[in-house]
Amino acid sequence: MTEKEFKDTRSGFVGIIGLPNVGKSTLLNQLLGTKVSIVSPKPQTTRFNIRGILTKNNFQIVFVDTPGIHEAKDLFNQMMVKEALNALQEVDIILWVMDVTHRIPEEERILDLIKSANKPTILALNKIDLIKKQELLPIIDYFSKLHDFKAIVPVSALKNDGLDRLLDEIVKLLPEGPFYYNPNQVTDLPLSLLIAEIIREKIFMHTYQEVPYSTAVKVEEIREDLEKNLLYIQATIFIERDSQKGIIIGKGGRMLKKIGTLAREELEFLLGKKIYLDLWVKALKDWRERETYIRRLAIPSHFS
Ligand SMILES: Nc1nc2c(ncn2[C@@H]2O[C@H](COP(=O)(O)OP(=O)(O)O)[C@@H](O)[C@H]2O)c(=O)[nH]1
Ligand SMILES: [Mg+2]
């Protein structure tokens, strides 16, 4: 790049943080116009920091979607929260996402973290599709008095409402700098992790209680089958106890089939290829209680 071109570009890392389930991952996907981060109605769906890259004209924003910050009781949850807190250190700008329908005292903890991070912060008031306009004004008023936010933007990530303004506010804060990624790249997630996450999303959508939380997905093999013109993918779904195997597999294999079909269909759409998805289920006793297993199977932060 010539010196002139470099001076003209603006770039920065934006950390998307907030309580669990407020819509952080939904927001990231909408901003990018494609899915890089999985979403479910259950909390703690996102387990590690996911980068989503938006390049337009002369700017590049690297969004960092994070696990929800909450009072974590066990090792696994503590490691997820730590992952989110790490993101606060590496970013230039903070995007605090809040759910306007679900105000809880824990949001004060997020505000404390923001204050101590001492970085330009935008507050996105999400899920405005669920409330009346007049309920919004007191919330905006309340937060504008609490902290010197660079902007407070009401949005609906789900309905794609208010996101243009949100993006404008972020771009205003971007410093001059080079593009860190190829402008065509939308995430730095390796294909094997993206596939594992999509499979995990289907598990989160269709299983209940402890089961989704006890699962981890590892892609074992991705192979182009030229003869059949498809992508062969083999993955293992780990669960914590043999007794959970039956739930994931289901009566007559129905649950596993459903998870497999939904994941395959979405992957075919995302990758634009025919796919053969071969799913296996294995018990790995209490993997959530072992840091090494968590790192290898669920919070693979080493790649970023
Ligand atoms: N009604 C409504 N639901 C939303 C909105 N944004 C996210 N959701 C839902 O909130 C739930 C949690 O979303 P997710 O993106 O996984 O939240 P995260 O845990 O903060 O990443 C999902 O069921 C989403 O469909 C929104 O703007 N409006
Ligand atoms: Mg999420």
Side-chain angles (χ1 to χ4, degrees), residues 14-52 63-72 76-77 79-88 91 94-104 106-107 109-110 113-114 122-133 135-136 139-140 152-167 187 189 193-194 196-208 212-213 215-217 262 266 298-301 304:
V14 177
I16 305 176
I17 67 148
L19 294 169
N21 232 16
V22 295
K24 299 179 292 300
S25 303
T26 307
L27 180 65
L28 174 63
N29 294 336
Q30 278 286 12
L31 286 165
L32 297 178
T34 186
K35 180 137 113 198
V36 300
S37 192
I38 64 168
V39 166
S40 94
K42 299 183 176 72
Q44 277 83 257
T45 304
T46 308
R47 291 175 170 173
F48 60 96
N49 295 344
I50 305 254
R51 288 182 185 180
F63 290 102
V64 184
D65 184 21
T66 64
I69 296 170
H70 62 287
E71 204 180 314
F76 186 31
N77 277 279
M79 285 173 71
M80 283 192 258
V81 172
K82 202 164 160 227
E83 175 88 349
L85 299 181
N86 284 345
L88 277 177
V91 298
I94 296 170
L95 178 58
W96 178 17
V97 182
M98 234 200 66
D99 176 346
V100 287
T101 68
H102 199 72
R103 305 281 308 283
I104 54 173
E106 279 73 27
E107 68 192 28
R109 161 122 198 271
I110 310 276
L113 288 168
I114 285 168
I122 293 172
L123 173 59
L125 302 172
N126 192 30
K127 307 199 188 182
I128 56 164
D129 55 294
L130 297 175
I131 63 164
K132 294 197 189 78
K133 269 224 166 77
E135 296 173 58
L136 204 54
I139 302 178
I140 296 175
I152 299 179
V153 188
V155 299
S156 168
L158 192 68
K159 309 270 178 190
N160 201 357
D161 186 11
L163 301 194
D164 288 343
R165 194 192 143 208
L166 180 62
L167 204 55
T187 182
L189 209 56
L193 281 184
L194 179 70
E197 285 290 275
I198 298 286
I199 297 167
R200 201 165 61 74
E201 182 186 67
K202 308 312 170 201
I203 300 171
F204 260 67
M205 303 281 255
H206 296 284
T207 62
Y208 301 92
Y213 299 104
T215 55
V217 178
L262 291 169
E266 180 154 4
I299 311 187
S301 336
S304 65

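Basis for what follows: all heavy atoms, side chains included, without hydrogens, waters or symmetry-related copies. Atoms within each ligand, like the ligands themselves, are counted from 1 in listed order.
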Output yes when [X] and [Y] qualify as a salt bridge under the 4.0 Å nitrogen-oxygen rule, no when they do not.
| X | Y | value |
| --- | --- | --- |
| E106 | R109 | no |
| K127 | D99 | yes |
| E197 | R47 | no |

Quick test: of every protein heavy atom, which one is nearest to [atom], and how far off is it to 0.1 Å?
| atom | result |
| --- | --- |
| atom 17 (O) of ligand 1 | G23 N, 3.0 Å |
| atom 25 (O) of ligand 1 | L158 CD1, 3.9 Å |
| atom 19 (O) of ligand 1 | N21 N, 2.9 Å |
| atom 24 (C) of ligand 1 | T26 OG1, 3.8 Å |
| atom 28 (N) of ligand 1 | D129 OD1, 2.7 Å |
| atom 6 (N) of ligand 1 | N126 ND2, 3.2 Å |

For the Mg ion (ligand 2), every protein N/O/S atom that sits closer than 2.8 Å, waters excluded =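 The answer is S25 OG, T46 OG1.
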task = Would you check if the distance from the ring center of F204 to the ring center of Y213 is below 6.0 Å?
result =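 Close enough - the centres of the two rings lie under 6.0 Å apart.
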query = Checking side-chain contact (heavy atoms from CB on, under 4.5 Å) for the pair V36/L32: CA distance, chi angles, key distance, verdict?
reply = CA-CA 8 Å; V36 300; L32 297 178; 3.6 Å; yes
inquiry  = Looking at N126 and V100, would you say the former's side chain and the latter's main chain have a donor-acceptor pair under 3.5 Å?
reply    =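 Answer holds: no.
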message = When you measure from the side chain of E135 to the backbone of K132, do you find a donor-acceptor pair of N or O atoms at a distance under 3.5 Å?
response =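 Side chain of E135 to backbone of K132: a pair is present.
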query = Can V22 and H102 be said to form a side-chain contact (heavy atoms from CB on, under 4.5 Å), step by step?
reply = CA-CA 8 Å; V22 295; H102 199 72; over 6 Å; no
Quick one: which ligand 1 atoms are inside 4.0 Å of a heavy atom on [X]?
| X | answer |
| --- | --- |
| S25 | 15 (O), 21 (O) |
| K24 | 15 (O), 17 (O), 18 (P), 19 (O), 20 (O), 21 (O) |
| L130 | 1 (N) |
| P41 | 23 (O) |

request  = Take every heavy atom of S40, measure it against each atom of ligand 1, and state whether any distance is under 4.0 Å.
outcome  =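 So S40 counts as touching ligand 1.
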message = Yes or no: does T45 have any heavy atom under 4.0 Å from an atom of ligand 1?
response =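 No, T45 has no heavy atom closer than 4.0 Å to ligand 1.
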message = Is it the case that ligand 1 has an N or O less than 3.5 angstrom from some N or O of V39?
response =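 Checking ligand 1 against V39, no N or O pair falls under 3.5 Å apart.
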inquiry  = Pairs of nitrogen or oxygen atoms closer than 3.5 Å, one from A157 and one from ligand 1: do any exist?
reply    =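 The answer is yes, given that A157 and ligand 1 share an N or O pair closer than 3.5 Å.
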Intermediate values then yes/no, side-chain contact (heavy atoms from CB on, under 4.5 Å), E201 and V39 = CA-CA 7 Å; E201 182 186 67; V39 166; 4.1 Å; yes
ask   = Any chance NZ of K159 has more than 12 other-residue heavy atoms, nucleotides or ligands included, within less than 6.0 Å?
value =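 Not buried by this count: 12 neighbours or fewer within 6.0 Å.
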inquiry  = Just checking D164: does its CG atom have more than 12 heavy atoms from other residues, nucleotides or ligands closer to it than 6.0 angstrom?
reply    =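 12 or below, so no.
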inquiry  = Going by the closest heavy atom to atom 10 (O) of ligand 1, which one wins out of M205, K127, H102, M98?
reply    =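 Among M205, K127, H102, M98, the closest heavy atom to atom 10 (O) of ligand 1 belongs to K127.
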request  = Could you tell me whether the side chain of P300 reaches within less than 4.5 Å of the side chain of L193, counting heavy atoms only?
outcome  =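 They are in contact (side-chain heavy atoms under 4.5 Å apart), so the answer is yes.
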query = For P154 and L136, which heavy atoms make the closest approach, and how far apart are they?
reply =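 Taking every non-hydrogen atom into account, CB-CD2, 3.5 Å.
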